[in-house]
Structures are given as structure tokens and as C-alpha cells.
> 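Okay, handing you the structure first.
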Number of protein chains: 2
Amino acid sequence: MKPSKTQAQLSDEARKRPTINDIARLAGVSKKTVSRVINASPYVREDTRERIEAVIAEMGYAPDPQARGLAFRRSFLIGVVHDNPNPQYVVTMQQGLLDGMRGSGFELVVHPCDRQNPSFLEDLRGFVERQKLFGVVLTPSVSEDERAAQLLREIGCEYVRVASVSLDDANHMIETRDRVGGREAGRHIAELGHTQVAFISGPPMFRSSHERRGGFEEGLAEKGLALEAQFAMEGAYTFESGIAAARDLLSRPNRPTAIFAANDEMAAGVLHAARDLGLRVPEDVTVVGYDDFDLATRLWPALTTVRTPTREIGRLAVERLMGRDDERRNPKDRLPTLVVRKSSGPPPKA
Amino acid sequence: MKPSKTQAQLSDEARKRPTINDIARLAGVSKKTVSRVINASPYVREDTRERIEAVIAEMGYAPDPQARGLAFRRSFLIGVVHDNPNPQYVVTMQQGLLDGMRGSGFELVVHPCDRQNPSFLEDLRGFVERQKLFGVVLTPSVSEDERAAQLLREIGCEYVRVASVSLDDANHMIETRDRVGGREAGRHIAELGHTQVAFISGPPMFRSSHERRGGFEEGLAEKGLALEAQFAMEGAYTFESGIAAARDLLSRPNRPTAIFAANDEMAAGVLHAARDLGLRVPEDVTVVGYDDFDLATRLWPALTTVRTPTREIGRLAVERLMGRDDERRNPKDRLPTLVVRKSSGPPPKA
DNA sequence: CTGAAAGCGCTTACAG
DNA sequence: CTGAAAGCGCTTACAG
């Protein structure tokens with residue numbers, strides 16, 4: 001060891017980030033012992049732990065996640081894989097995930113995907129293996145893809161699936177219980193006195209489409225109502241599909257007096273179609289949506305809708321992934337709830 | 001080297017990811033030469049390069065970014081730092097960034113922040129240094145924070161700032177030219193024949209607030225119009241602030257016949273306020289927004305607004321960061337453009 | 001409870 | 001044009 005080099009190292013210490021070696025030397029222990037402190041090993045004597053922690057604090061030392069990851073054969077990156085086209089959903093989910101990760105030292109890597117793409121699974125595998133992801137959160141509809149879950153299991157990557165209903169064992173699932181939300185919508189419409197009731201679904205590929213419909217029918221059934229086949233339309237969770245379905249529904253001589261659209265985007269389409277046909281909401285037709293993103297209050301009239309606590313769901317999902325989820329938390333916090341605004345009312349007297 | 005170990009290594013090769021050592025052995029070269037191929041060094045004989053590339057392809061080898069990063073003292077992660085509350089903006093920007101990163105081997109790490117928070121700079125520093133980020137994209141309004149840019153320069157982190165106007169040297173900037181967009185709005189309103197014209201700004205902290213207003217005034221001036229002080233309101237880029245400003249403006253005996261709101265969220269608020277006051281849009285009052293996110297077409301009437309090519313801007317920003325931006329690209333592609341829909345029309349005849 | 005050696009998968013600096 | 005040695009900053013396995 002040339003003196004010049006030692007000299008350089010010393011002068012570097014002031015500006016460069018300290019390493020585990022610096023801490024070990026300053027605390028008068030081996031780097032392995034510092035490593036034990038970093039990793040909260042119980043095999044460190046109390047006073048040496050305190051001494052090391054003091055040096056760590058004083059030097060502002062933070063272990064290098066890259067080096068740690070290389071040795072651990074795993075990174076400190078959590079991926080979120082989504083194919084949901086709704087920006088509000090995506091951002092709200094990200095916020096929730098970041099809430100849960102705050103202060104954990106993990107970082108969030110975003111990875112949109114396309115299940116239709118032939119290379120979808122290959123891409124997912126590449127992403128996970130290349131980055132040696134600590135784990136992955138899957139949101140609908142990728143979360144409903146069994147091949148994706150199967151792949152992650154095979155390559156030994158931790159994952160949590162966010163979906164409307166349980167599709168996996170409990171520690172791999174966060175359920176959004178969309179059936180409950182659909183039921184709320186059904187009850188609300190039935191209680192208002194509607195009998196001519198219509199439903200616009202999402203695409204069949206989304207599990208939520210079926211859950212929201214199933215719940216809706218249950219809610220109606222509680223009041224002795226049923227969803228007639230002629231009033232069950234297939235939409236695509238898009239604004240345009242909401243317009244198209246509502247235009248069809250509302251131009252019929254025997255038109256429904258209430259429409260439950262399986263998301264807010266389609267409900268916005270229903271509002272447009274109604275207005276184009278000269279129908280007033282809610283006087284002539286009641287409109288109920290699902291999601292309660294910002295859009296719901298921007299529309300006119302403000303939309304009655306079902307609120308899913310997406311941000312909370314996101315937080316729970318990462319906490320589960322990191323093995324820090326608090327089981328004491330009240331699971332009621334995650335249930336969808338009805339938010340009544342101005343787009344729903346009693347059926348026309350006519 | 002015990003035979004059993006060699007045995008294990010061989011059997012592992014089938015399932016485990018190959019390393020640079022495997023490729024070197026199979027190609028009959030040293031790992032350093034493989035490294036040269038990975039890093040596109042010119043100092044490799046053509047035939048040995050081809051041989052190595054063949055082995056890489058055959059084995060499906062991809063270098064470990066963690067190990068590479070550790071040796072490089074730099075990761076293959078690009079961070080996006082934002083404090084924009086609009087989910088549409090955030091997601092659209094992310095899409096653009098991901099567009100530019102596709103196939104590059106980089107991954108996108110999201111990092112929302114709060115400039116008001118006293119630990120903002122410290123947090124940013126921690127994020128960048130801990131992850132040894134390859135670089136960072138800053139969006140408004142963090143992109144306008146000189147302290148943040150200064151910090152990144154100090155710690156030697158590459159960055160690109162997306163902002164309405166140039167605030168740094170050209171290779172650190174992508175300009176959105178909001179002044180041009182404001183001008184379009186001003187021209188449009190003036191050409192429709194309005195003379196009683198109002199403006200609702202964003203918060204003064206956002207540079208775009210001033211640019212959009214400045215451009216608007218320029219557009220009006222071209223037709224000999226001016227923005228009266230009484231008609232210049234301060235908003236906060238929020239729906240609620242749009243409602244409040246418009247309610248004030250539209251309840252005056254001498255109310256404006258056209259309102260340019262500096263973003264779509266506020267324009268949505270103007271629509272609500274107008275309706276609450278029994279005013280029709282555009283018959284009684286013209287409303288023009290800025291952004292052209294999905295919301296603009298969901299509103300009723302569909303909003304006339306200024307479109308910023310945010311996704312394109314995002315792509316350009318990462319390409320610049322990665323040093324891959326194509327200078328031949330037409331800079332016109334990034335200019336804001338007016339999108340005329342249903343919320344603007346001539347002033348009332350009265 | 002603590003440490004010296006070897007290793008994670010790559011690159012840099014130095015030779016040749 | 002190519003390679004053997006040392007190193008990036010940490011952990012695992014093995015000793016003691």
C-alpha cells in the first residue's frame with residue numbers, strides 16, 4: 001500500500017460516500033460486524049452495536065443497494081406491472097405503493113405491459129430477472145393472468161395480485177371486492193324506485209366486469225328487481241363505448257330510467273349520449289358510475305359512483321409484498337362505498 | 001476445484017442465467033474481451049466479436065445491471081422527479097419517458113416530491129446518490145427549482161429539465177413553449193370577436209402560469225385587444241380554484257364573454273360555475289382551457305383547449321438524457337397547438 | 001458474539 | 001487486438 005494512495009483515500013473521505021469499510025475501521029470492528037448491524041442480526045453485543053450505529057449516524061452512512069443486491073442476488077426494486085389504461089387509476093395506485101414503501105429503502109419501477117402482445121410473458125420475465133426485482137405488484141387485468149402468476153412463481157419472484165376477487169392464496173392477494181361495490185349501486189338504484197334498469201359492462205377480459213355486474217344484480221334482487229337481458233350491454237371501459245351503449249339504450253321506445261356504467265369513463269359517455277338525445281340527468285335518466293376518480297366531480301351533473309380506496313389498496317399491496325402488512329388493520333377500510341352526488345334520482349313520474 | 005462443484009455448475013447452467021464467465025469460457029476468450037463486446041469497444045477483432053455475439057445470442061445472455069453498475073459506479077436507472085398533481089400529466093409523461101427508454105436496458109424509477117417540504121433537497125440527494133441514478137428528468141414545477149438543478153450538478157448527476165421556457169443550457173432543457181400555446185388561445189378568442197376577455201392563471205410558483213398569460217396577451221394584442229387588470233384572476237391549477245375565479249368573474253354586472261383558464265382542470269371549474277349561474281357555454285360565455293388531456297372531451301360542452309405534446313416531450317427528455325436524441329427531428333413537433341371543440345364561439349349578440 | 005476468506009458479476013487500469 | 005490482476009461494496013459460509 002503506497003502512502004500516496006492512503007493519502008488520496010483519506011482526502012476522498014470528506015466528499016465521497018462512506019463505505020462499509022470506513023465504518024468498520026472507524027468503529028474498530030470488521031466489516032462483517034457492520035454488516036450484521038445493517039441487517040439487524042441478533043448476534044452483535046449491545047455495546048458494539050451502539051458504537052457502530054453511532055458511527056453510521058455520524059458519517060451519514062447508507063449501504064449501497066447495488067452492492068448489497070449483488071451479494072444478496074436480489075435488488076431493492078419493486079416493480080408495478082399494469083395494463084390499466086386509466087391514468088387516474090395508475091397514478092393513484094402508484095401513490096399508494098409509494099406510501100407503503102416510504103422509508104423502506106426500496107424504489108418503485110414502473111412497467112406497463114400489454115397482455116395481447118405475444119412477447120408479453122417473455123418481456124415480464126426479462127424485466128424481473130434482469131433487475132432481480134425484490135417483488136412485483138400486479139394490477140388488473142394483468143393480475144388476472146394465470147400465466148403471469150405462474151411465471152413469477154417459477155422464477156421465484158415475490159408477487160402480490162390486486163384483483164376484484166381472490167385468485168391465489170391469501171398472501172398473494174389483495175381483493176378489491178368489486179361485487180360489494182356493484183351491490184351498492186344496485187341497492188341505490190332500486191331504492192330510488194327504478195324498475196327499468198340497465199347495465200353497461202367493462203370488457204369480459206376484466207374480472208371486475210363480471211363482479212360489478214354480479215353485485216349489481218344482487219343489489220337489485222334484494223328489492224325484487226332483475227336485470228333484463230335486453231338492458232345488459234357490453235362496453236369496454238372507454239368513454240366511447242359508454243356513448244355507444246347509452247345511445248342504443250336511450251333511443252329505444254322502452255328506454256331504461258337508470259343506467260349503471262361499470263366505470264366513470266363510460267358513465268361520462270352516458271352523460272354525453274343522454275344530452276345528445278335531449279334527455280336530462282337525473283330527471284329523465286339516472287346515471288351511476290364506478291371508480292370515483294376526479295372525473296366524477298368534474299362532470300355535470302356530478303356523478304353518483306362507487307368509490308374504491310385504490311391508494312389504500314396500493315399501500316396494502318406493497319406492505320404485503322415487503323412482509324410488513326399490519327394484520328390488525330380493519331379490512332373494512334378496503335371496501336368499496338357508494339358516493340351519492342347529483343346524477344341519480346327517482347324515476348320520471350310519467 | 002472439486003469435481004462435484006464443476007458438476008453442479010454445469011447442471012446449473014441449464015436453469016440459471018449465464019454470466020460473463022460462462023460466455024467467456026464458451027467463446028474461448030477472457031471475460032475482459034466479452035466485456036469489450038458488451039460495451040461496444042472497437043478493440044475487438046471482427047471474427048472474435050462475431051463468435052462472442054453468437055454465444056451471447058445462443059445463451060440468451062444479458063449482463064447483470066447490478067454488477068455492471070457496481071463496477072461503473074452508476075446504475076441503469078433513470079428517475080423522474082415530479083410534483084405535478086395532475087395524474088393525466090404524470091402518466092402521459094411516464095409513457096413518453098418509457099417510449100424513449102424502450103430497448104435501452106434502462107428502467108424508470110418514479111419519485112414524487114414536495115418542494116415545500118424542508119427536507120426536499122436532502123431527499124432528492126438521497127434518492128440520487130443512494131441509487132447512483134444514471135440520470136434524472138425533472139418536470140414542472142420541480143424543474144424550475146434552481147436549487148435542485150444546482151444540487152444535481154454538484155453531485156454530478158445527469159439531468160434534463162422539462163419547462164415552459166429555457167432555464168438552463170440547451171442540453172439540460174426541453175422547452176414546452178407555453179407562450180406559444182397561450183398566444184394561440186388569445187388569437188382564437190380575439191378572432192371570434194370577443195372584447196371582454198378574462199384569464200385565470202395557475203399558481204405564480206409555476207413558470208407556465210406566466211408564460212401562458214404572456215402568450216395570451218400577445219395573441220390578444222395582435223388584434224388590438226388587451227387583458228384588463230380586473231379580468232386577470234389568480235387560480236391554482238385546481239378545479240376548485242377555477243370554480244371560485246369564474247364565479248367571481250361571471251357574477252359581475254360587466255362580465256367577460258370569454259375566459260381562458262390556464263389549464264383544463266380550472267376550465268372544468270369555469271364550466272361548473274357558468275352552469276350554476278344559469279349561463280350557457282358557448283352562447284353566453286366562451287371557455288378555453290390548456291392541456292387537452294382526456295378530461296377535455298369528457299366535459300360538456302367538449303372543451304376548446306391547447307394541446308401540449310406531453311408524451312413526445314417525455315420521449316425527447318429521456319433521449320436527451322441518454323445522449324440519443326435525434327437532432328434531425330422537427331422541433332415543430334413539440335409546439336403546443338389549439339384544438340377547437342364546442343366550448344368556444346362568438347360573443348353574445350346582446 | 002466476532003472475523004478472515006471467498007464470492008456476487010461486472011469493469012478499470014495496466015501489461016503485452 | 002487480448003488478458004491476468006485488482007477492485008466496485010456488500011454478503012455468505014466457515015471458523016473460532
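The structure displayed is predicted, hence computed values, not measured ones. Values reported hereafter were calculated over all heavy atoms of this structure, with side chains retained and with hydrogens, waters and symmetry mates removed. Here is how names work: the chains are called A, B, and so on, in the same order as the sequence lines, proteins then strands, and each is numbered from 1.
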> Give the B/S/- string for nucleotides 11-16 of chain D, one per nucleotide from 5' to 3', where a protein heavy atom under 4.0 Å of the base yields B, of only the sugar-phosphate yields S, and otherwise -.
BB----
> Looking at side-chain heavy atoms only, is the closest gap between Met59(A) and Ile56(A) below 4.5 Å?
no
> Reckon Tyr43(A) has a side-chain N or O less than 4.0 Å from the OP1 or OP2 of dG3(C)?
no
> Among dG9(D), dC10(C), dA4(D), which nucleotide has an atom closest to any side-chain atom of Leu70(B)?
dG9(D)
> Respond yes when some side-chain nitrogen or oxygen of Thr19(B) is under 4.0 Å from OP1 or OP2 of dG9(C), and no when none is.
no
> Could you list the residues that satisfy side-chain contact (heavy atoms from CB on, under 4.5 Å) with Leu98(B), not counting sequence neighbours?
Val110(A), Pro112(A), Leu108(B)
> Does His111(B) reach the side chain of Val80(B), with side-chain heavy atoms less than 4.5 Å apart?
no
> Is the shortest side-chain N/O distance from Thr48(B) to OP1 or OP2 of dT2(D) below 4.0 Å?
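Thr48(B) to dT2(D) OP1/OP2: side-chain N or O found under 4.0 Å.
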> For DNA chain D, just give me the dot-bracket, please: Watson-Crick or G-U, both distances below 3.5 Å, ( ) intra-strand, [ ] crossing earlier pairs, | paired with another strand, . unpaired.
|||.||||||||.|||
> Go through the structure and list residues passing side chain to side chain donor-acceptor pair (under 3.5 Å) with Asn117(A), not counting sequence neighbours.
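For Asn117(A) the side chain to side chain donor-acceptor pair (under 3.5 Å) partners, ignoring immediate neighbours, are Ser119(A).
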> I'd like to check the ring-ring contact (aromatic ring centres under 6.0 Å, His included) partners of Phe120(A); sequence neighbours left out, ordered by chain and number.
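Phe120(A): no ring-ring contact (aromatic ring centres under 6.0 Å, His included) contacts found.
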> How many Å lie between CZ on Arg49(A) and P on dC1(C), as a whole number?
9 Å
> Which pairs with one or both residues in residues 20-76 of chain A pass ring pair (Phe, Tyr, Trp, His ring centres under 6.0 Å), sequence neighbours excluded?
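Passing the test, one end in residues 20-76 of chain A: Phe76(A)-Phe106(A).
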> On the nucleotide dG3(C), are OP1 or OP2 found under 4.0 Å from the side-chain N or O atoms that Thr33(A) carries?
yes
